[in-house]
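Letters go in sequence order (proteins before strands), and every chain restarts at 1.
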Amino acid sequence: MKLDDLPSAEHAPIVLSGLTRRFGERVVLDGLNLSIPAGQFLAVVGRSGCGKSTLLRLLAGLDRADGGELRQPAQQSVRVMFQEARLLPWKSVLDNVALGLAPAQREQARDALAEVGLADRADEWPARLSGGQRQRVALARALVHQPRLLLLDEPLGALDALTRLDMQGLIERLWLAHRCTTVLVTHDVGEAVNLADRVVLVENGQVAMDTPVPLARSRNPADPAFVALEHAILQRVLQGPNAQPASTPTPAPAIHVSQLQWAL
Amino acid sequence: MKASWFSRLIPWLAPFTLLALWQLGSSLGWINHRVLPAPLAVLTSGWGLLSSGELFRHLASSFGRAASGFVIGGGLGLIFGLIAGLSRLGEALFDTTLQMLRNIPPLAILPLVILWFGIDESAKVFLVAFGTLFPVYLNTYHGIRSIDPALLEMARSYGVSGRELFRHVVLPGALPSILVGVRYALGIAWILLIVAETLSATSGIGYLAANAREFLQTDIVVLSILLYALLGKVVDSLARWLERRWLQWHPSYFQPA
Ligand SMILES: Nc1ncnc2c1ncn2[C@@H]1O[C@H](COP(=O)(O)OP(=O)(O)OP(=O)(O)O)[C@@H](O)[C@H]1O
Ligand SMILES: [Mg+2]
């Protein structure tokens, strides 16, 4: 008997089957199927308005599905990091990180702030911080709860290219340390390839592409394999929903075709 | 250092020059003292009232009326504002009624107030309370309703709810708006008090002015006007101090680092 093979509650995947969400006449998610193994770093890409945020809100429990099923491991703790930092302007940086924590856990908030490199700004008002620093505070606030599931909705969308690279490095380091299941919604295919174990494309309310990222961490965006994969995914995203399966571009030679699973 | 000392002096230049010219004009007999008394005469009669203790009695009774009217009216405004802001039922129950009453200029109900309360203390307190209720109500209600829903959603998803949500998110978020209402209400309270005291009272600064007018004591009339200005300024400074203290987080109140 190998007990280890039994999926314990803690290591059960998150399973979405036939998930549907409508707003009035508009069907945003149309029977979406997806299974997210525990501990995976998943990136969700897709055109603007395709329903990425809607999917994330369903995962976060901020919204209810109209149909289908969403199975999460019992007592899964979820934390969301939104596109805007959403810090409370009337609380100091430290108090923002400690939001929802018991007073006894304040030291943990301080530690989390140190993890994102902002320990010396603990007593300042959020309005005094730069955009990137605010996002780091929001990241610390999400991580201090030690969530099983971390949801990131374009957290770096508003940052400049350099800060964004810094933040990607930070997110990867923290993920390697915490190993929580992470879903990152992003417009930036390069960011997805840089950070994720697996990239899915949402199109027409369904998962239109599902591909692993078989590159060792930490990744180098100049690496030919990285560039090739990024290019292949970008081509697929740009192709749009009306593309014929036959016209799927063959990935660049550096990638083995078997490593890509086109779910069309 | 020297420059800042000098620049702080500049705003006072004009009023003091004016005051000096006024005093000069009065001393030289260019200004009739029945029209406008000399500054020194105002000061002397002020000193007389102060040393006899009468000034303090009038100040205290004016201040007491303003304070009790404001506490009652502002308190009710705050409570109704919180109820209407926090619950749809509360909004449905109170908002339309209060929005209708709000359109009545407080001074328009003066004849009715005198009919109800006579020229009693309660008449003035009622008038001040009536005038201060609406600004505080409106700004509290509006302040709560205009809290960023994204912040509320964030707080809820981080497990903050109920009383904690009120304490950490709703109240601090509505506070800037509430304080705007408070300052506005304080201004209204003084105006109403002046009118009410001038019409009917046996003490208070308004009474002091009305009484002095009967006896053509222009110096005391001017003194009363200055006292109103002074008290208004003191109360406004108090409100500003509260704002600076409670809204430190707001970029408009940042102390220069
Ligand atoms: N609360 C809502 N009420 C009505 N329609 C909604 C609501 N939320 C989302 N939608 C619609 O659902 C669709 C998907 O929205 P969603 O925010 O999930 O897109 P997205 O993929 O996150 O886009 P972006 O990349 O621009 O953020 C859009 O057409 C949007 O108008
Ligand atoms: Mg979105």
Determine whether [X] and [Y] make a side-chain contact, defined as any pair of heavy atoms from C-beta on separated by less than 4.5 Å.
| X | Y | value |
| --- | --- | --- |
| Arg141(A) | Met154(B) | yes |
| His168(B) | Asp95(A) | no |
| Trp125(A) | His250(B) | no |

Flag yes if more than 12 heavy atoms outside [X] fall under 6.0 Å of its [atom1] atom; otherwise flag no.
| X | atom1 | result |
| --- | --- | --- |
| Phe94(B) | CZ | yes |
| Arg57(B) | CZ | yes |
| Phe23(A) | CZ | yes |
| His142(B) | NE2 | no |
| Arg145(B) | CZ | yes |

Based on non-hydrogen pairs under 4.5 Å, which of Asp148(B), Val160(B), Val169(B) is most in contact with chain A?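 Ranked by contacts with chain A, first place is Val169(B).
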Max heavy-atom pair count under 4.5 Å with chain A, selected residue of Pro251(B), Ser161(B), Gly173(B), Gly159(B):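 Of the options given, most contacts go to Gly173(B).
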What option among Gly61(A), Ser92(A), Pro89(A) has the most heavy-atom pairs under 4.5 Å with chain B?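 Of the options given, most contacts go to Pro89(A).
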I'd like to verify something: which residue of Ala60(A), Ala142(A), Pro147(A) has the highest number of heavy-atom pairs under 4.5 Å with chain B?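 The candidate making the most pairs under 4.5 Å is Ala142(A).
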Taking Trp90(A) for its side chain and Trp246(B) for its backbone only, find out whether a donor-acceptor pair lies under 3.5 Å.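 Such a contact is absent between Trp90(A) side chain and Trp246(B) backbone.
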Can you tell me if Arg79(A) uses its side chain to pair, donor with acceptor, with the backbone of Ser157(B) under 3.5 Å?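 Yes, Arg79(A) side chain to Ser157(B) backbone: donor-acceptor pair under 3.5 Å.
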Against chain B, label Leu87(A) side chain, backbone, both or neither, depending on which of its atoms sit under 4.5 Å from a heavy atom there.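 For Leu87(A), the backbone is the part near chain B, not the side chain.
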State, to 0.1 Å, how close Leu99(A) and Tyr158(B) come at their nearest heavy-atom pair, and which atoms those are.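 Distance-wise, the nearest heavy atoms are CD2-CB, 4.4 Å.
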Which atoms form the tightest heavy-atom contact between Ala150(B) and Arg86(A), and what is the distance?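 That would be O-NH1, 3.1 Å.
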